[in-house]
*Asks:* 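Have a look at the structure that comes next, please.
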2 protein chains.
Amino acid sequence: MPPSPTSPTRTGSPGGLHAGVLHALGIRVVSGELAAGQVLTLESICADHGVSRAVAREVIRVLESMGLVASRRRVGVTVQPREGWHVFDPRVIRWRLEGPDRAEQLLSLSELRRGFEPVAAALAAERATPEQCAQMAAAVSDMVVHGRSGDLEAYLGADSRFHATLLAASGNEMLRALADVVTEVLAGRTHHGLMPADPNPEAIALHDEVARAVRDQDPVRSEAAMRRIIEEASDAMRAEFG
Amino acid sequence: MPPSPTSPTRTGSPGGLHAGVLHALGIRVVSGELAAGQVLTLESICADHGVSRAVAREVIRVLESMGLVASRRRVGVTVQPREGWHVFDPRVIRWRLEGPDRAEQLLSLSELRRGFEPVAAALAAERATPEQCAQMAAAVSDMVVHGRSGDLEAYLGADSRFHATLLAASGNEMLRALADVVTEVLAGRTHHGLMPADPNPEAIALHDEVARAVRDQDPVRSEAAMRRIIEEASDAMRAEFG
DNA sequence: TTGCGTCAAAAAGTCATACTTTTGGCGACA
DNA sequence: TGTCGCCAAAAGTATGACTTTTTGACGCAA
């Protein structure tokens, strides 16, 4: 055991010391608690978290690779302004969703979604495998069932599964990688009471339309239907936050 | 000086040992030279690159944070399959563009672009500042001039500036972060001889249309014009690679 | 007073080493 | 043949010594 851990940042963190310190510092940066321009030293990080310099260095290197901080000799570790952040890094996204700009982050993601989901729908219509078509049909079916029973969590699960499958079916690995993002947006919406207790039947019908258009290999129809899904969701979110 | 550097991976790398080893290993993973499932040990990395264990560990931690490798006790460092890669990480994108899936990466990025650039154009029409409008107009002007003179590099610069400004004008930080990606796609197209020696006047006219629509705060028009820009570029690229 | 050169200290970068912890594999025993 | 336990391999962590870069301060000169 380290001499005297002072047990400062024992955030549980069952992933080793590294993961714990990384999370703690990452949160502090993206939340703005550590403002841009502020400088830390490795020594202070060691002291604050009760870890050795080696661990602190590894953490800083990872944070640096996300654009959150920059390390310079004789100066220390400087917190970077937002413009330098790698805003597509899954961890940065998650940390921001945990922090105070949760709303802003969700808005950004929604706008983004408006761009890539229709494209994914069009591509999926050209490339989806029969299995993927079946999965999407099943997801729509689940949406209908859970929408009727009023089980919002289950509905959310089915919705997420639908979009994740569609993105994977696009055959574009970058689009597929955005599945987590969409899941977050959907979850954020549900857990903020934006979902009517009785999910909009029209939304479900549109999902069904997308699934059928993909099955029929009709890119134009699937893209149009997806666009309408997004518009509807976007309007709801803007009404809440914007 | 280290005892006997064996001068193995002296790739120049004027950013410290860390940067050099990171680049070398990153390239080897994304290029497929190190196949998924293959395991390395820290010791072997130290030996291969003539660095200490501390440096090797920091590199692995960063690679791990990109999803390229995973480190487990008693096993070593395992190269991860593509599905786990953080494909939006700027370095991963750059490394892939340097490697053998350059073509595939460019195709992925083009498809993505078809999604987000029209959205950015629409948002920009609602949010662009007068300065940004002016910058876009200037970029279009440069495109005309350099297109006429046949200076492809300068044309490329102006084109990139146009799109970067537009993305920034969208007011969405995630869209803005995609500017580098667009620049890469444009550069890839130019440096692969896809550009006609005399740039398509119609393309320039469309850029002008976007700039004017943004200035007039007309989202529908700017989005439509941008969509046509992408379609044209996309067709050219598909003809070359697809 | 200003401007430039030098110097010392601060902090990261690097290395070496010792120790701890986890875990996969192998061998012994039932 | 199957299971249990031990061992060793490899990462995780800690510590300390040394190197290198950079900056801020001091002093000297114009």
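For the numbers below, each heavy atom of this structure counts, side chains included, while hydrogens, waters and symmetry mates do not. Every chain is numbered from 1, with letters handed out A, B, ... down the list of sequences. Fair warning: this is a prediction, and the values are worked out from it, not measured in the lab.
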*Asks:* Of the nucleotides C:dT14, D:dG12, D:dA14, which has the atom closest to the B:V55 side chain?
*Replies:* C:dT14

*Asks:* What does the inter-axis angle of the helix from C:dT1-D:dA30 to C:dA30-D:dT1 come out as, five pairs per end, nearest 10 degrees?
*Replies:* 10°

*Asks:* Can you give me every donor-acceptor pair (side chain of residues 34-45 of chain A, partner residue at least two apart or in another chain, under 3.5 Å) with its distance?
*Replies:*
| residue | atom | partner | partner atom | Å |
| --- | --- | --- | --- | --- |
| A:Q38 | OE1 | A:A35 | N | 3.3 |
| A:T41 | OG1 | A:S44 | N | 3.0 |
| A:T41 | OG1 | A:S44 | OG | 3.4 |
| A:S44 | OG | A:T41 | N | 3.3 |
| A:S44 | OG | A:T41 | O | 2.7 |

*Asks:* Atom pairs under 3.5 Å, N or O on each side, protein against nucleotides 22-24 of chain C: can you list them with distances?
*Replies:*
| residue | atom | partner | partner atom | Å |
| --- | --- | --- | --- | --- |
| C:dG24 | OP1 | B:R72 | NH2 | 2.3 |
| C:dG24 | N2 | B:R74 | NH1 | 3.3 |

*Asks:* C:dA11 C1' sits how many Å from A:I60 CD1, rounded?
*Replies:* 13 Å

*Asks:* Looking at A:R53 and B:E58, does any basic side-chain N land under 4.0 Å from a carboxylate oxygen?
*Replies:* no

*Asks:* Show the numbers, then the answer: is there a side-chain contact (heavy atoms from CB on, under 4.5 Å) between B:T78 and B:V69?
*Replies:* CA-CA 5 Å; B:T78 311; B:V69 304; over 6 Å; no

*Asks:* Report the C-alpha separation of B:V214 and B:C133 in whole Å, then their side-chain angles, then the decisive distance to 0.1 Å, and conclude whether the side-chain contact (heavy atoms from CB on, under 4.5 Å) test is met.
*Replies:* CA-CA 7 Å; B:V214 168; B:C133 290; 4.2 Å; yes

*Asks:* List the atom of A:A121, the atom of A:M226, and the distance in Å for their closest heavy-atom pair.
*Replies:* CB-CB, 3.8 Å

*Asks:* Nearest whole Å is fine: how far is D:dG16 P from A:E43 CD?
*Replies:* 11 Å

*Asks:* Could you tell me the separation between the CD atom of A:E58 and the C1' atom of D:dA14, rounded to a whole number of Å?
*Replies:* 12 Å

*Asks:* Can you tell whether the side chains of B:E64 and A:R61 come within less than 4.0 Å, N to carboxylate O?
*Replies:* no

*Asks:* Rounded to the nearest Å, what distance is computed from the CG atom of residue B:L42 to the P atom of nucleotide C:dC15?
*Replies:* 14 Å

*Asks:* Which residues pass the ring pair (Phe, Tyr, Trp, His ring centres under 6.0 Å) test with A:H163, not counting sequence neighbours?
*Replies:* A:H207

*Asks:* Let me know the distance between CZ of B:R57 and P of D:dA10, rounded to the nearest Å.
*Replies:* 15 Å

*Asks:* May I have the step-by-step check of side-chain contact (heavy atoms from CB on, under 4.5 Å) for A:I93 and A:L109, ending in yes or no?
*Replies:* CA-CA 9 Å; A:I93 294 175; A:L109 293 176; 4.3 Å; yes

*Asks:* So does A:R94 pair up with A:D180, basic N to acidic O under 4.0 Å?
*Replies:* no

*Asks:* Round to the nearest Å and state the distance from A:I45 atom CD1 to C:dG13 atom P.
*Replies:* 11 Å

*Asks:* For DNA chain D, what residues of residues 63-71 of chain B have any heavy atom nearer than 4.0 Å?
*Replies:* B:S71

*Asks:* Looking at A:V29, is its backbone amide N or carbonyl O close enough to the side chain of A:W95 to form a donor-acceptor pair, meaning the two atoms are under 3.5 Å apart?
*Replies:* no

*Asks:* Quick one: side chain to side chain contact (heavy atoms under 4.5 Å, CB included) partners of B:E173, sequence neighbours excluded?
*Replies:* A:R82, A:R96, A:E104, A:S108, B:R176

*Asks:* Within the structure, does a side-chain N or O atom of B:R53 lie under 4.0 Å from either OP1 or OP2 of D:dA11?
*Replies:* no

